[in-house]
Amino acid sequence: MLISQKMNTAINEQIGREFGAFLQYIAVATHFDAQSLPQLAKHFYRQAEEERDHAMRFVRYLIDAGAKVAIPAVGAPKSTIASAEAAVQLSLKWEQEVTKQIHGLLELALKENDYTTQQFLQWFVEEQLEEVSSMDKLLSVVRRAGEDGLLFVEEYLAREGGGEKS
Ligand code: FEO
């Protein structure tokens with residue numbers, strides 16, 4: 001095995017969090033879908049797919065490193081969404097937390113002189129910068145638009161590339 005047992009455990013926990021984020025973004029997307037806000041729905045379905053991809057990157061890494069994949073229990077997502085602003089605010093908070101978790105993994109890799117994991121995590125460090133920044137931008141747009149102006153947010157997302165991250 002190329003990584004320590006401690007790193008193996010920490011990465012398995014992160015896989016659980018990424019799958020948790022996948023479920024949470026699906027819940028947010030369906031909230032918007034039910035409100036006939038297709039661009040917001042599309043944006044969050046895509047976010048969900050990205051989270052699934054993040055989880056699978058970690059899974060593949062463990063396999064490549066000869067480590068054990070042990071996916072932990074994943075809690076149910078929050079299914080009651082009070083408002084668009086609350087949904088995006090919550091998403092921004094998750095992304096900020098995930099950024100801290102990725103930095104925590106990197107700190108462990110540095111402490112263990114685990115160069116392979118340090119290299120692997122670089123992609124996530126950049127990805128988190130992009131995710132936090134795009135969610136922060138979306139939150140500003142949603143706040144400016146207000147709950148009655150969500151069609152403006154729909155137009156914004158359509159302009160930004162069909163709901164894709166900018
Ligand atoms: Fe997997 Fe949005 O971070």
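In this text, all values refer to a predicted model and were calculated from it rather than measured experimentally. Side chains included, hydrogens not; waters and symmetry mates left out as well; all remaining heavy atoms used. Ligands are counted one by one from 1 in listed order, and the atoms in each one are counted from 1 as well. FYI, the numbering just counts along the sequence from 1.
- Closest to atom 1 (Fe) of ligand 1 among the N, O or S atoms of H54 is ND1.
- The N, O or S atom of E51 with the smallest distance to atom 1 (Fe) of ligand 1 is OE1.
- A donor and an acceptor atom, one from each side chain of Q122 and Q118, are nowhere located under 3.5 Å apart.
- Residues T116 and Y61 have side chains that never bring a donor and an acceptor to within less than 3.5 angstrom of each other.
- The pair R57-E18 does not meet the salt-bridge criterion, since no charged nitrogen lies less than 4.0 angstrom from a carboxylate oxygen.
- Between H54 and F124, the two ring planes are perpendicular [angle over 60°; tilted spans 30° to 60°].
- When distances to atom 2 (Fe) of ligand 1 are checked against a cut-off of 2.8 Å, E131 contributes an N, O or S atom below that limit.
- Residue side and main chain included, E18 places an N/O/S atom under 2.8 Å of atom 1 (Fe) of ligand 1.
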